[in-house]
Amino acid sequence: MGGYGDVQLLREDGLRLDGRKLDEMRPMTIEAGVLPAADGSAMVTHGLNVAVAAVYGPMEAHPRKIQRQDRAVIDVRYNMAPFSTSDRIRPGFNRRSREISKVTAEALESVVLCERYPRSKIRVEIEILAAEAGTRCAGLTAAAVALADAGIPMRDLIVGVASGKVEGIVVLDLDKAEDNYGQADLPVGILPNTGEIAFLQMDGDLSPDEYNLAMEYNFKAAAEIHEIMVDALKRRYEGGEN
Amino acid sequence: MGGYGDVQLLREDGLRLDGRKLDEMRPMTIEAGVLPAADGSAMVTHGLNVAVAAVYGPMEAHPRKIQRQDRAVIDVRYNMAPFSTSDRIRPGFNRRSREISKVTAEALESVVLCERYPRSKIRVEIEILAAEAGTRCAGLTAAAVALADAGIPMRDLIVGVASGKVEGIVVLDLDKAEDNYGQADLPVGILPNTGEIAFLQMDGDLSPDEYNLAMEYNFKAAAEIHEIMVDALKRRYEGGEN
Amino acid sequence: MGGYGDVQLLREDGLRLDGRKLDEMRPMTIEAGVLPAADGSAMVTHGLNVAVAAVYGPMEAHPRKIQRQDRAVIDVRYNMAPFSTSDRIRPGFNRRSREISKVTAEALESVVLCERYPRSKIRVEIEILAAEAGTRCAGLTAAAVALADAGIPMRDLIVGVASGKVEGIVVLDLDKAEDNYGQADLPVGILPNTGEIAFLQMDGDLSPDEYNLAMEYNFKAAAEIHEIMVDALKRRYEGGEN
Amino acid sequence: MVELVPTLLRQELSRLAEDDLRLDGRGQWEGREVTLETDCLYNAEGSAKVVMGDTIVYAGVKFELRTPWPDRPAQGSLMCGAELRPVAHRKYEPGPPSPQSIELGRVVDRGIRESGCIDMESLCIVPGEKVWGVMIDIHVLSDGGNIFDACGLAAIAALRTAVVPAERFDVGEDYTLKVKGTPIMASFTRVGGRYVYDPSEEEELGGDERIHITLGDEGHLHSLQKGLRGVFTPAEFAEIFGVAHLRCVELRKLVANQEGN
Amino acid sequence: MVELVPTLLRQELSRLAEDDLRLDGRGQWEGREVTLETDCLYNAEGSAKVVMGDTIVYAGVKFELRTPWPDRPAQGSLMCGAELRPVAHRKYEPGPPSPQSIELGRVVDRGIRESGCIDMESLCIVPGEKVWGVMIDIHVLSDGGNIFDACGLAAIAALRTAVVPAERFDVGEDYTLKVKGTPIMASFTRVGGRYVYDPSEEEELGGDERIHITLGDEGHLHSLQKGLRGVFTPAEFAEIFGVAHLRCVELRKLVANQEGN
Amino acid sequence: MVELVPTLLRQELSRLAEDDLRLDGRGQWEGREVTLETDCLYNAEGSAKVVMGDTIVYAGVKFELRTPWPDRPAQGSLMCGAELRPVAHRKYEPGPPSPQSIELGRVVDRGIRESGCIDMESLCIVPGEKVWGVMIDIHVLSDGGNIFDACGLAAIAALRTAVVPAERFDVGEDYTLKVKGTPIMASFTRVGGRYVYDPSEEEELGGDERIHITLGDEGHLHSLQKGLRGVFTPAEFAEIFGVAHLRCVELRKLVANQEGN
C-alpha cells in the first residue's frame, strides 16, 4: 500500500470521491462464453477493470513432471496486457503475476472436482485488458465463471472481492486512487454457498477489529457478485441474448 | 527501409555508385563441402557478404513435440556472427534472426522431399560471417547447396535473390549503401527449374509496376546464380580442385 | 590477476600483512553433517570464507540426456550468495560460476566411484556464504567432505588449495588483498593419498621455477588440510560433539 | 505439440475446392463479417477491438518519452508487437515468444512502418533529447483463423484513434496522433490447391502456405510475406494481388466509418 | 517431479490429529526450538542465521547507492528476496525462481515493508539524486518445514543489526540502520483436518493449505497469505489469529534478546 | 544427448598407445598442419581464420567506445568470448551458452589477458570518460578436435592485426592496435593412458582429461586449465610442460610469418 501523500479520499459528507458509500462496490458486469476458441470463457468488467478468462481442458498434463496421479492440476496464467496500465508493462511474466497465478490456481483447485480427472491439466488463462485496482479479484471471478462455462464440475463457485482501508476508515472495493493512497487491502476468494475462504491475501495495516469489518464487507459484496455470476451463466445456457 | 537522407545512389551516367548496371548483381562465388565436421556444407561470398551453411541429418527429431509423423522437419538457425556487422551484435538470437530462420526453414521444406524421412529432423545452420546487405538471400542459397552436398533429396534447388528500389528506380541486388538509403527491398527464393517461388518477403514502397520489374530482375539473376550453384556442386562431386 | 597499483603486500620483516609466513595458510575449520535435509553436507571456514556443500543422491539422472549408461554423473552447482561479496551479486548463475561448477564436477568425478551407479546422478550444491579469496578451493574441499559424509564411495578425498605470487614472491593461500593486487594464482585439487591432481587452474604470470615452488607449497598445505578433513569426518562418525 | 496431419480435413477441403466451395459457404475471395470498435480500453492511449468470424483481437497504443537514437536525433520511434498468448487457442503454449508470434508482430509492424503513415519527425519534442516512443501491442484473445489481418486492422485502427498523452508527461497539451494513411493487410492461404481470402481456422489447419500483402492508400505494396511450407507461381500471385486491392479498399472504409462515428 | 501423494503419511497424521497429537510430540500450537545468531557473515552489512528444528536459513543485508524513483525523490528503497536453491532439499530443482520461491520472497517482503519498520525517507542522502537501496537476501540452506517463519525471522533480525556502510561509499560515517518495530510471521498448516502452528517437513508433506500471518509490534496485521489447495472458515481463522499473537510476541522477544547480547 | 562410451574406440586407442602410435600416424608430440589467414572478414576490425586438421575457426575483433569502470578510470577493457554453435558439430545443440563454451571462452580470454599483451591504459581516450572496449569473438565452424588451441591462435592473430577504427568513432585517425607479445596455447589430452599433443576429434572422443597451457613470449605460464574427468601426476605435467614450450615457439613463428606477409 502506498499510504502516503496528502490526497483526500473521503468527502465531508462521508461518501467516497466517486460518490460511493463505504460498503458500496463499483458497477460490475459479467458475460460468459465470450471467446469462441476456448472451451469456456468469461469477461468481467468491474469499475474500469476489464478481465477476460479462458479455460482449456481437461487435457493431458505435460510435461510429465507436473502430472498428479490422483487428480487434475490447474495451470493458471494471470497476465496484464502491456496497454492495461498507465505505464506500459513489458510483455512476459513478472514476479507479481507469477505469485497471483500461483495463489489463484490453488484457490481454483480448492473448488474444482480435480479428482475426476487424474493425470490431466486444466488451463486457465486470465488476461487483464484494463486495470483500475482489483484485477486479481476480477480475474478470479472471471476464472470461476469460465470454468463453469466450460462445464468443469465444481463444488462451489468462487467470488473474488476486496475491502481495504483509507484514511483510517474501512471501505469496500478500493478504486485506483484509494488503492494508491490507501492503508490496507484485503482481497479474498469466497465460496458463496459454504461461506468458506479459498483465497486470502492482505497487505498494509489492519487492527483485528478493522480486519473483521473488512471481512464483513467482503462477505456482503460476495453475495451480490454471486448473483451477477449466476445471471451470466443463466443467460449463456438458457438461450438468451448471447 | 531507411528511405531518407540526401545520399545519391545513382550516377549521372545511369550506373550505380559501384559501376553496376541497374540489373547487374554483385560478384558471387560458391564452394560446396567446406566444413569437414558437417554432413553437407557450402560457403557463399556475394559482394562482401560471407555466408556459410552446414547441414546435419536426417536425424531423430527431438524434443518429441517437434516430430511430424509423416515427414522430416527442417530446423534452421540463421545467425549473424558478432563481428559480421559494423556495430558488434550481441551473441544469441534476436527477433529478426528468428523470423528469417522460420521463413527460410519453410522455404527449404517446400523443396526437400521431407516425406522420405518421417519423424526425423534435418538441421540447417546458416552463419553470416560478414554482412553487406542481402544476407538472408546468401544464406538461403548456401543452405540449398549444403542440402544438396549432404545428399538430401530435393525436387529443385532454391536460389535466394533480391531486387529493390533506390531513388525511384528499380535495381537488382542492393548493396549496403543502397539498402540503407533505398526505398524498397524484395528478397525471394526461386525454384530455378519450375519458376515457382518458395520464399517471399518485401518491405518499403513498390507500385504494382515496380513490383513486376523487380520480380523480372530477380528471375533473370536467379538463372545466373543457379549456374554458379550447379558449378559448385559439380566441382565437389566430379573430383575437382576441392 | 590485478597485478597493478602501489599496495605493499609484504612487510619489511619478510612476513605478510596479516603476519603469516610465505608458506603459511589462513586458519581453517571443517564441520561435517551440518544440513539436516541433505544426504551429506559440510561447512568449511577458511580465513573469512564460509563455504557450505550439500550432497543429494545417488538418484535417477534426469533429464534423460544427461544419463550415462556406465556411470553416475556429478552435477555441481557452485553459487555465491548475493550477500557473500563486498558488492551484492545478482542471484543466478554467471559465467564464472558456471566454469567453476564444471571443473569442480570433473574433479569430483575423478575420485568418486561413479561406475557403481550407472544412469544415476549425484547432486553437489556448493554455496558460498562469505567470500574472501579462495572460494573455489574451499568449495571443493567442502564438497569432498560432504560426499564422504553422504557415504558415497570414493577412491580418495580431494583437497582444494592455492598458492600465488605477490610482489614477485611465491606465497601460499592468497587472502583478499593479495588476490586483488597479486600477480598469479594457482588453485589445485590434490588427492592426498596418491599425490595426483584432479583440479588445476592458473592465471597471471609464473616462471617455470615459480610454478614449481607454488606447487610445492600447495602439496605441503594439502597434507595439513587433509588432516582437518579427516578429523571432521571422524567427529561426525565416531559419535562426538556434533 | 503433436500435429497429426488432419488428413480427412484436407480431403474434404480438396473436394470442396473442386466445386469452388468453402467449408463455411463463402466464395473464394469473400471475407467474413468484420466488426471494429475503438476507444474501448481504459489506460490505453488508443485502442481497438476487431472481431472477424471467431477471431477476436485487441490492440492498445501506449506512449513513452525516450532519448532519440544518436544517429536520428530528431526522430521518434514506433514499435509494434503481437503476443500469441495461450488464451487465444488450445494450440498456443506459454513461454518466450514463439517464431509464429515474432513473425506476426514483425509483419504487422513492417506494414505500418513502411507505409510511412507515422512521420517519425513529428514525434520529436526536443531534438537529441526527448522524443515520443509509440508502442502498439496486439493481443489475440481468440484465434479463429486469419489473425494476421485482424491484428493489422486492430493495430492501425488503434493507432489512428490514439491521443498523445502530453499532459501526463508534462510536455504540453494532449493531441490526436497524426497518422497519414491506412495501410491494410490482406491474407490468402492455399486450401485444397487454390488460394482463398481470409482463411478460417479449419482452412488454416487443412491448408498450406499463406501470403500476406499490405497495401497503402495508393495501392502500393508496403509489406509482403510468404509463410509456411509451399510454393506459388507468379500467375497465382498476380491474381491474389488483384483481390487484395479490392479487399483492402473495403476494410479501409470500415476504419474510416468507425472514425466518423 | 512426480509427487505421489503420501497416502500413508496422511492417514497417520489424521489418526494422530484425532487424539490431538503431532508426529514429533508437540502440542497443536507449540513451535520447535528456535536459535538465532546475528552478525555471522563477513561482507554482509547485516546477517542472521535461524535454526528452527531441521530448518536452517541465513539472511544477509547489502546496501547500494541509487538514484531515487522520479515520483519519490526523497525515498530510498527496500527489497527482500528469497532463494529456494537446490541446496535446501532434494525436492528443489535448479533453474529460474520457482513460483514457491517467488511467493516466499514476496510474503516476507510484504510483512517487513508494510509494517513500516523502515522509514524510506531516512534512506535519502541527497533528494532526487542519491538514496540508499537496502537489499535483504534470504538463503534457505535446509528445508525442515516452515521456512516462511524462519525466513521472516532471519530477515528482520539481519535488518535490525545492519550497519549502513556510508564510509565505503564515501557519504559519511557508518551508522546502525534505524528499524522501527519487529514484524514477525506465524504460519499454520492444516494437518489431519485441523491447523497446527510451525509445521514440520512431514506435516507439510502430508498436510493441506497453509496460512501466513505477519503481525507488528502493536498486534496489527501487515500481511496475510493463504497458500496451497484448501479452504478455511472465518471461525478457523479467528482461532489461529489468536495463537499468532502469542507466538509473535515470543519470537519478538527472541530478537530483542539477541540484540541485547 | 546420449553419450554411449565408445568402448571399441578406447580399446583401439589403448592398443596403439602401447606401440606409441596414433590413429592418424602422428607422433605423440606432433601437431597437425596449421594454416592461418588474417584480414579475411569485411566489418571485423581484425580477423583470422585458422585451419588445424578438420578444425576450422574464425575470430573477429570489434571495438566500441565505453565509459571506464569507476575504479579504473584510465583503462580500457578486453573481452574474449567463444561460441560453440551447432554449426560446428552434430554434438552441439542450440540454446544458451553451454558450460563447454563458457570454459573455452574463459580459458582463451585468460591466456590473452594475463599475458599482459594488451596495455589497458593504451586503450584510454579521455580518462574517466571514454575508453576503448576491445571484443574478440571466436566462432568455431568445424570441430575436428583441439578447438582450444585453434581458438587461442585465431584470437591472438586477429588481435595482432586489428586496426582501431578511431575515424568511424570520430576520435582521431585509425591506427594499428598495439599488442605486446603473442601468448600461445598448447593442449594435451590423455589418450590410451598417455598424453598426446593436439588431439584429433577421435582422440578426444576416446580419451580422458585434457590440460591447456598458455605460454608467453618468455616462456612464462599465463593460464592453466585441466578439463574433464581424470587425474595427472606432477611428473606427467613436467613432461608436457616441456613439450608445450617447443610447440608454442613454433606457432608463435607462424603468427609472425603471417604478419610479415
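All chains are named by letter (A, B, ...) in the order of the sequence lines, taking the proteins before the strands, and each is independently numbered beginning at 1.
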- Message: Could you walk me through whether N79(B) and H139(F) satisfy the side-chain contact (heavy atoms from CB on, under 4.5 Å) test, starting with their C-alpha distance in whole Å, then the side-chain angles of each, then the deciding distance to 0.1 Å, before giving a yes or no?
- Response: CA-CA 11 Å; N79(B) 179 63; H139(F) 221 66; 3.8 Å; yes
In Å, rounded to the nearest 0.5 Å, how long is the span from [atom1] of [X] to [atom2] of [Y]?
| X | Y | atom1 | atom2 | answer |
| --- | --- | --- | --- | --- |
| T55(F) | L35(B) | OG1 | CG | 11.5 Å |
| M43(B) | L141(F) | CE | CG | 7.0 Å |
| Y42(F) | L129(B) | OH | CG | 14.5 Å |

Any side-chain heavy atom of [X] sitting closer than 4.5 Å to one from [Y]?
| X | Y | result |
| --- | --- | --- |
| I56(F) | V34(B) | no |
| P86(F) | R77(B) | yes |
| E93(F) | H62(B) | yes |
| L41(F) | S84(B) | no |

- Message: With side-chain contact (heavy atoms from CB on, under 4.5 Å) as the criterion, how do D87(B) and R168(F) come out once you've worked through the C-alpha distance, each side chain's angles and the decisive distance to 0.1 Å?
- Response: CA-CA 11 Å; D87(B) 290 334; R168(F) 183 153 61 88; 3.7 Å; yes
- Item | Heavy atoms of other groups near K176(B) NZ, more than 12 under 6.0 Å |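 Yes, enclosed.
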- Query: Which region of D54(F), side chain (C-beta onward) or backbone (N, CA, C, O), has a non-hydrogen atom less than 4.5 Å from a non-hydrogen atom of chain B, or is it both or neither?
  - Reply: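 The answer is both parts of D54(F).
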- Please state whether the side chain, the backbone, both or neither of E64(F) comes within less than 4.5 Å of a heavy atom of chain B.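 It is neither, since no heavy atom gets under 4.5 Å.
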- Query: If you count heavy-atom pairs under 4.5 Å between each of T85(B), I126(B), V50(B) and chain F, which one has the most?
  - Reply: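 Highest number of pairs under 4.5 Å: T85(B).
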- Message: Tell me which of these, S41(B), A38(B), G92(B), A131(B), has more heavy-atom pairs under 4.5 Å with chain F than the rest.
- Response: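 Among the listed options, the one with the most contacts to chain F is A131(B).
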- Message: Evaluate N43(F) against F83(B) for side-chain contact (heavy atoms from CB on, under 4.5 Å), listing each step before the verdict.
- Response: CA-CA 7 Å; N43(F) 274 332; F83(B) 46 73; over 6 Å; no
Which heavy atom in [X] sits nearest to a heavy atom in [Y], and how many Å separate them?
| X | Y | answer |
| --- | --- | --- |
| H89(F) | R123(B) | O-NH2, 3.4 Å |
| K62(F) | P82(B) | CG-O, 4.3 Å |
| A37(B) | S142(F) | N-OG, 3.1 Å |

- Query: Does the distance from a Lys or Arg side-chain N to an Asp or Glu carboxylate O, for D39(B) and R90(F), drop under 4.0 Å?
  - Reply: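 Yes, this pair counts.
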- Message: What I want to find out is whether R85(F) reaches E127(B) closely enough, with some N-O distance under 4.0 Å, to be called a salt bridge.
- Response: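 E127(B) and R85(F): salt-bridged.
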- Task: Give, as side chain, backbone, both or neither, the part of S86(B) having an atom under 4.5 angstrom from any heavy atom of chain F.
- Result: both
- Message: If you apply the rule side-chain contact (heavy atoms from CB on, under 4.5 Å), what do you find for K91(F) with Y56(B), and how did you get there?
- Response: CA-CA 10 Å; K91(F) 68 186 169 190; Y56(B) 291 96; over 6 Å; no
